[in-house]
There are 2 protein chains.
Amino acid sequence: MTTTEPRHIRLLIADDEHLIRGALSALLNLEPDIEVVASVDNGVAAAEQALATKPDVCLLDLEMPGADGIEAAARILSTVATKVVIVTRHARPGVLRRALAARVSGFVPKSTPAEELADVIRDVVAGKRYIDPEIAATALTAERCPLTDRELDALRFSRSTMSVQEIADRLHLAAGTVRNYLSSAMTKLDARSRHEAAEIAWQQGWI
Amino acid sequence: MTTTEPRHIRLLIADDEHLIRGALSALLNLEPDIEVVASVDNGVAAAEQALATKPDVCLLDLEMPGADGIEAAARILSTVATKVVIVTRHARPGVLRRALAARVSGFVPKSTPAEELADVIRDVVAGKRYIDPEIAATALTAERCPLTDRELDALRFSRSTMSVQEIADRLHLAAGTVRNYLSSAMTKLDARSRHEAAEIAWQQGWI
DNA sequence: GTAGAGCAGTGACATTTGTCACGATTTGAC
DNA sequence: GTCAAATCGTGACAAATGTCACTGCTCTAC
């Protein structure tokens, strides 16, 4: 079908902040060819509603309690024939990689001008992909994660205020082992404390 | 004047995220009595535009680079006869106190239903105040900050990944002194590391 | 004026953390 | 089979961090 006339687009919105969700609905409902058919506040509900309403596009916030945007995207795309656009506040390069691996069609930061969002959605419905050029460039220049799985495990817990012993307990490892992982991670990332290393890894989207 | 007919409300919106700003504009412009007359992405610009456009209400996001919402509110209210409503993602009790001290008229979290926002704005224009009941309750039950100014200074830097020596240099103090402040803060907050103490203090809105 | 609170510092000490060197496995690649 | 890399562990050590006791100083309140 090579029709060029604007097709009616049915949209699902997931964002944990009620105000933002409502505002995005208002914004997109202004477009004559877009209709918001579902509006939910978490990833699990997004998957359920996607199955129930079969929208053309799902607009998912990345930061949500429970199942985050990428997890929700993976679930939705494995059960429903639809497209997914991820919206995020903090666009970290590693997250873009994970999103693309989950077969997401669009990736836009919240710094995008509001006028562009509807166009992105139309592009995605038309089978195109849209990746924010700024993030794409960062992701391409950013080097690959130099850390091993275990190092990442240890770093993940170091973002909270856990002691080495607590992390060791959680990972079922000896305290010395955890210290070694953290130490090598710190060397690789050129950090002066495990907290700094965890911060760097997070900003890169590795954890 | 005891007129009851809906008055025309001129609104300024400040939010560093373009998408959110646009979406909120769309949402509020749907209201027949509300007109968005200025839309900016930081606190400094908000103060300038408030002076230039003399809006009836300023809707300020709390989290903005440079001058945050409360700082912007203070500047605006000292130069223009207008009302201020603060919108925030992370509603911490201490922040509410600071906002009220800055003579803000409204305080709403981003979890507020979108439909309510216009009503809040109308209430504020009518001279009323609106404080999110949930946050108000938390702020009233939460005990007052038990920390001294210097303890707060030291904690503020502990949120980043600075060493004690670096914090001491920044504050022009001896390293031992800083350690003492951090230690007493940790005792007061029942924390097991300065990072945990800083986290607690931040969540309470004290730093 | 004096008692209490906050401020600034010192020194001693125990604990936690980070570093290093070294084994012993397992796993996948060649 | 052998090699390299990742994994898991130990023990020893230095540096950073947290705790405690104690000394002055300057305000403020009563």
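Residue numbers begin at 1 in each chain, while the letters A, B, ... track the order of the sequences.
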Measure from CE on A:Met186 to P on D:dA16 and round the result to the nearest Å. 11 Å

Check: B:Trp202 main-chain N/O paired with B:Arg92 side-chain donor or acceptor under 3.5 Å: yes

Pair B:Lys110 + B:Asp15: basic N to acidic O under 4.0 Å: yes

Pair A:Arg89 + B:Asp16: basic N to acidic O under 4.0 Å: no

If the condition is side-chain contact (heavy atoms from CB on, under 4.5 Å), which residues does A:Glu35 pass it with, not counting sequence neighbours? A:His8, A:Arg10, A:Val37

Write down the distance between CG (B:Asp190) and C1' (D:dT19), rounded to a whole number of angstrom. 15 Å

Of the options C:dC7, D:dT19, D:dT17, whose atoms approach the side-chain atoms of B:Thr148 most closely? C:dC7

Within this structure, what is the NE2-to-P distance between A:His195 and D:dA16, rounded to whole angstrom? 15 Å

For the atom pair CD1 (B:Ile167) and CG (B:Leu182), what is the distance rounded to the nearest 0.5 Å? 5.5 Å

Contact class for A:Ser193 (heavy atom, under 4.0 Å): base, sugar-phosphate, or nothing? sugar-phosphate

What I want to find out is whether B:Glu166 reaches B:Arg170 closely enough, with some N-O distance under 4.0 Å, to be called a salt bridge. no

A:Tyr181 atom OH is separated from D:dT10 atom P, nearest whole Å, by 12 Å

In numerical order, the residues of residues 161-180 of chain A whose heavy atoms come under 4.0 Å of DNA chain C are A:Ser163, A:Val164, A:Arg179, A:Asn180

Rounded to the nearest angstrom, tell me the gap between atom CZ in A:Arg194 and atom P in D:dA16. 16 Å

Rounded off to whole Å, could you give me the CG-to-C1' distance for the A:Leu152 and D:dT7 pair? 14 Å

Could B:Arg122 and B:Asp33 be called an ion pair, given the rule that one side-chain N must be under 4.0 Å from one carboxylate O? yes

In whole angstrom, give the distance that lies between atom NZ of A:Lys188 and atom P of C:dT19. 13 Å

Nearest-angstrom distance from the residue atom CG of B:Leu147 to P of C:dG6: 11 Å

Are any of B:Arg150's side-chain N or O atoms less than 4.0 Å away from OP1 or OP2 of C:dG6? no

